[in-house]
**Student:** 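First, the structure itself, so that you have it in front of you.
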Amino acid sequence: MIQRPRGTADRLPDVAPAWRLVSEAFQRQCELRGFSPISTPTIERTELFTRTTGDATDLAQKEMYSFQDRGGDSLTLRSEGTAPVVRAYVQNGLHNLPQPVKLYYITSIFRYDRPQAGRYREHHQIGAEALGDASPAVDAEVIDLLWSTYRALGISDLRLELNSLGDPDTRPAYRQALVDYFTPLADHLDSESRDRLTINPLRVLDSKNPAVADLGERAPRSLDFIGEPARTHFDALQGLLQALEIPFAINHRLVRGLDYYNRTVFEFVPPDAGSQSTVGGGGRYDYLAELIGADHVPGVGFGSGIERVLLNMERCGTSAVDSQSIEVYVAPLADGAVADAMRLTRQLRHTGITVECGFRGASPRSHLRRASRSQARAAVLIGAREMERGVVSLKPLDGAAQIEVPRADAVNCIQAVLTDES
RNA sequence: GUGGGCGUAGCUCAAUCGGUUAGAGCGUCUGGUUGUGGCCCAGAAGGCUGGGGGUUCAAGUCCCCUCGCUCACCCCA
């Protein structure tokens with residue numbers, strides 16, 4: 001049998017309430033802050049991702065779903081949320097709107113990787129980007145948005161980790177300092193880290209190999225190399241987070257996996273930090289627009305994996321209830337009654353009642369069993385006896401007595417029964 | 001890309017040392033009542049034992065390959 005592609009998931013109805021809870025909570029927090037929804041294509045030109053995330057990143061090197069279309073263009077399934085939004089901002093001239101332009105999205109992300117707990121080839125992210133304003137207050141608002149969303153979902157124990165990578169003019173010096181520090185220690189590094197040392201030295205810092213991580217702790221710190229403007233920015237951000245009473249911790253080893261970040265980077269991680277534990281993260285990317293050939297546009301944003309948010313909700317005991325349920329079940333007792341059953345069903349739905357209609361003439365027993373299982377509060381029976389006399393039988397399913405009502409008054413009577421009970 | 005564990009009904013699981021027609025619970029459908037639900041009882045449907053090859057008189061069981069799931073590494077959300 002043809003099965004779903006590896007690392008993808010069918011989302012069945014039983015998980016819909018939890019997903020709805022997440023998306024509605026996030027949308028609510030976005031709207032409270034004046035963020036507007038945006039959606040971009042599932043496919044983008046491959047260069048959009050390679051030029052922004054960085055050639056040396058794992059994402060660009062081995063995780064992209066890329067293909068050639070029939071015209072010969074190389075396209076890639078969205079592997080990351082930020083670059084497409086920046087592209088859309090520039091391409092659609094959103095710099096003509098009052099700045100910053102604040103946008104959010106709920107979308108799927110594709111990365112070719114071995115699936116495991118909390119990691120998929122297609123996963124979903126809630127994300128937000130604020131473009132066109134370099135102020136640290138925007139960083140704070142974006143972090144506040146994500147933090148508030150987690151809180152609204154009952155997740156209150158995530159640790160916010162923070163760091164600053166400075167600006168491009170100070171990056172080479174820091175990079176060189178790391179090379180100078182790690183090179184004599186190369187014997188103590190794993191082969192992966194040795195490779196990174198030449199390609200992308202910053203990445204050595206966030207190795208999870210305990211021995212390497214230990215060396216990383218004593219490595220030169222980004223904050224000692226950043227310039228005065230970045231320092232001022234970072235100090236201001238910390239002050240704002242304190243004013244907003246959002247607890248955070250500085251992590252000198254936090255560098256993030258994508259190359260386009262500058263100044264602020266942050267991650268939310270659970271207290272029992274496993275290996276792929278990051279629930280959400282982001283940062284500032286003031287030079288991303290230039291990487292795709294546009295004018296300078298400062299920006300800051302984040303992405304957070306919905307599947308991981310759900311894992312953390314479960315861990316914190318947040319549960320979602322299914323709000324929609326059938327109120328009335330209409331049961332045709334003979335095939336000749338199906339047409340009128342469907343007509344009554346539509347009349348009821350027209351008044352806003354949630355109705356399920358049995359599709360075949362069958363025994364009352366069979367229909368009522370279905371009605372019970374559907375959680376309906378009342379059943380309406382239409383059989384030969386009812387049709388002869390122009391009535392329907394109305395049976396509350398809580399044990400109250402069954403009554404016959406004129407077909408013409410059926411809708412009103414059913415409404416009355418539903419309101420009496422509630 | 002690397003390593004471990006696991007694949008039997010829709011779901012959770014049995015099946016002795018390799019030995020008859022692969023079973024049970026839950027779920028589904030039907031009946032127990034010629035027109036009355038939940039509980040109870042009965043019956044039915046539902047399996048290429050993931051797929052292919054091999055060993056054997058005989059394979060769900062042993063061997064090889066393959067696919068899938070899963071956990072971890074790597075990395076990310």
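Owing to the predicted nature of the structure, the values given are computational and were not obtained by experimental measurement. Here is the naming used below: chain letters follow the sequence lines, and residue numbers restart at 1 for every chain.
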**Student:** How many Å lie between OH on A:Tyr112 and C1' on B:G1, as a whole number?
**Tutor:**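 Computing the A:Tyr112:OH to B:G1:C1' distance gives 9 Å.
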
**Student:** Work out how far the C1' atom of B:U16 is from that of B:A22, and round it to whole angstrom.
**Tutor:**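 Here B:U16 and B:A22 have their C1' atoms 14 Å from each other.
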
**Student:** Strictly by Watson-Crick or wobble contacts shorter than 3.5 Å, is anything paired with B:G25, and which nucleotide is it?
**Tutor:**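 Checking every strand shown, B:G25 finds its partner in B:C11, with both distances under 3.5 Å.
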
**Student:** Verify the neighbour count for atom CE of A:Met342: are there more than 12 heavy atoms of other residues, nucleotides or ligands below 6.0 Å?
**Tutor:**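 Incorrect, the count does not exceed 12.
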
**Student:** Please tell me which of A:Pro5 and A:Gly280 maps to the more 5' nucleotide of RNA chain B, matching each residue to the nucleotide holding its nearest heavy atom.
**Tutor:**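 The residue mapped nearer the 5' terminus is A:Pro5.
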
**Student:** How would you label the contact of A:Arg203 with the nucleic acid (heavy atoms, under 4.0 Å): base, sugar-phosphate, or nothing?
**Tutor:**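 Contact class for A:Arg203: sugar-phosphate only.
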
**Student:** What interatomic distance, in whole Å, is found between C1' of B:G4 and the corresponding atom of B:C11?
**Tutor:**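 About 26 Å, rounded to a whole number of Å.
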
**Student:** Assign the ring pair A:Tyr65 / A:Phe110 to parallel, tilted or perpendicular, where the plane angle (0 to 90°) is split at 30° and 60°.
**Tutor:**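 If you compare the ring of A:Tyr65 with that of A:Phe110, the planes turn out perpendicular.
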
**Student:** Give the nucleotide from the list B:C73, B:U30, B:A77 with an atom nearest to the side chain of A:Arg360.
**Tutor:**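 Closest nucleotide to the A:Arg360 side chain: B:U30.
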
**Student:** Would you check if the side chain of A:Asp335 reaches a backbone N or O of A:Gly361 as a donor-acceptor pair within less than 3.5 Å?
**Tutor:**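 The answer is yes, because a donor-acceptor pair under 3.5 Å joins these two groups.
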
**Student:** Starting at atom OH of A:Tyr120, determine the distance to atom P of B:U70, rounded to an integer number of angstrom.
**Tutor:**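 That distance rounds to 8 Å.
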
**Student:** Measure from CZ on A:Arg4 to P on B:C67 and round the result to the nearest Å.
**Tutor:**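 Nearest whole value for this atom pair: 18 Å.
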
**Student:** Round to a whole Å and report the spacing from CZ of A:Phe110 to P of B:A77.
**Tutor:**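 Atom CZ in A:Phe110 sits about 16 Å away from atom P in B:A77.
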
**Student:** A:Asp10 CG to B:G10 P: how many Å, rounded?
**Tutor:**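 Taking atom P of B:G10 as the reference, CG of A:Asp10 is at 16 Å.
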
**Student:** Does the structure show a Watson-Crick or G-U wobble partner for B:C39, both distances under 3.5 Å? Name it, or say none.
**Tutor:**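 By the stated definition (distances under 3.5 Å), nothing pairs with B:C39.
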
**Student:** Does the structure show a Watson-Crick or G-U wobble partner for B:C17, both distances under 3.5 Å? Name it, or say none.
**Tutor:**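 No nucleotide pairs with B:C17.
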
**Student:** For B:G60, give its Watson-Crick or G-U wobble partner with both distances under 3.5 Å, or none.
**Tutor:**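 Answer to the pairing question: none, since B:G60 forms no Watson-Crick or G-U pair.
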
**Student:** Within the side chain of A:Gln91, is there an N or O that forms a donor-acceptor pair under 3.5 Å with the backbone of A:Ala88?
**Tutor:**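 Here the side-chain-to-backbone pair does not exist.
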
**Student:** Measuring only the P atom in each nucleotide, how far is B:U20 from B:G37? A whole number of Å is fine.
**Tutor:**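 Result for the P pair: 44 Å, nearest Å.
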
**Student:** Can you tell me how far P of B:C67 sits from CZ of A:Arg6, to the nearest Å?
**Tutor:**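 Checked: the CZ to P distance equals 10 Å.
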
**Student:** State plainly whether the residues A:Glu141 and A:Arg33 are in salt-bridge range, i.e. N to O under 4.0 Å.
**Tutor:**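 A salt bridge is absent here (no side-chain N lies under 4.0 Å from a carboxylate O).
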
**Student:** Please determine if a side-chain N or O atom of A:Gln116 lies less than 4.0 Å away from the OP1 or OP2 oxygen of B:U70.
**Tutor:**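 No, because none of the side-chain N or O atoms of A:Gln116 sits under 4.0 Å from OP1 or OP2 of B:U70.
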
**Student:** Mind checking the C1' distance from B:U56 to B:C62? Whole angstroms is fine.
**Tutor:**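 Between the two C1' atoms, the distance is 10 Å.
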
**Student:** Once the angle between the rings of A:His124 and A:Trp19 is folded into 0 to 90°, is it parallel (under 30°), tilted (30 to 60°) or perpendicular (over 60°)?
**Tutor:**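 Because their plane-to-plane angle is over 60°, the rings of A:His124 and A:Trp19 count as perpendicular.
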
**Student:** CE of A:Met64 versus C1' of B:G1: gap in Å, rounded?
**Tutor:**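 Atom-to-atom, A:Met64 to B:G1, this comes out as 17 Å.
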
**Student:** Looking only at atom P, what distance separates B:C13 and B:G7, rounded to whole Å?
**Tutor:**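 After rounding to an integer number of Å, I get 10 Å for this pair.
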
**Student:** With rounding to the closest Å, how many angstrom separate the P atoms on B:G52 and B:C48?
**Tutor:**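 Straight-line distance between the two P atoms is 11 Å.
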
**Student:** When the P atoms of B:C63 and B:C6 are compared, how many Å lie between them, rounded to an integer?
**Tutor:**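 So the two P atoms sit 12 Å from each other.
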
**Student:** When every nucleotide of nucleotides 33-42 of chain B is labelled 5' to 3' by its protein contacts under 4.0 Å (heavy atoms), B for base, S for sugar-phosphate only, - for none, what sequence of letters results?
**Tutor:** B-BBBB-B--

**Student:** Answer with yes or no whether A:Glu63 presents, from its side chain, a donor or acceptor under 3.5 Å of a partner atom in the base of B:C74.
**Tutor:**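 No.
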
**Student:** Counting only N and O atoms by type, is there a donor-acceptor contact under 3.5 Å from the side chain of A:His252 to the main-chain atoms of A:Leu223?
**Tutor:**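 No: the side chain of A:His252 does not pair with the backbone of A:Leu223.
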
**Student:** Once you round it to whole Å, what is the distance between C1' of B:A77 and CD of A:Glu267?
**Tutor:**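 The answer, rounded to whole Å, is 9 Å.
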
**Student:** Just N and O in the side chain of A:Arg256: are any of them under 4.0 Å from OP1 or OP2 of B:A77?
**Tutor:**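 Yes.
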
**Student:** If B:G47 has a Watson-Crick or G-U wobble mate with both distances under 3.5 Å, name it; if not, just say none.
**Tutor:**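 Matched B:G47 with nothing under the 3.5 Å cut-off.
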
**Student:** For atom C1', what is the distance between B:G18 and B:G60, given to the nearest Å?
**Tutor:**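 Nearest-Å result for B:G18 against B:G60 at atom C1': 11 Å.
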
**Student:** Can you tell me the base-pairing partner of B:G3? Count Watson-Crick or G-U wobble geometry only, both distances below 3.5 Å, and say none if there is no partner.
**Tutor:**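 Matched B:G3 with B:C71 under the 3.5 Å cut-off.
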
**Student:** Can a salt bridge be assigned to the pair A:Asp157 and A:Arg315 using a cut-off of 4.0 Å between side-chain N and carboxylate O?
**Tutor:**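 The answer is yes: the pair qualifies as a salt bridge.
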
**Student:** Is the centre of the A:Phe225 ring less than 6.0 Å from the centre of the A:Tyr174 ring?
**Tutor:**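 Centroid distance A:Phe225-A:Tyr174: below 6.0 Å, so yes.
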
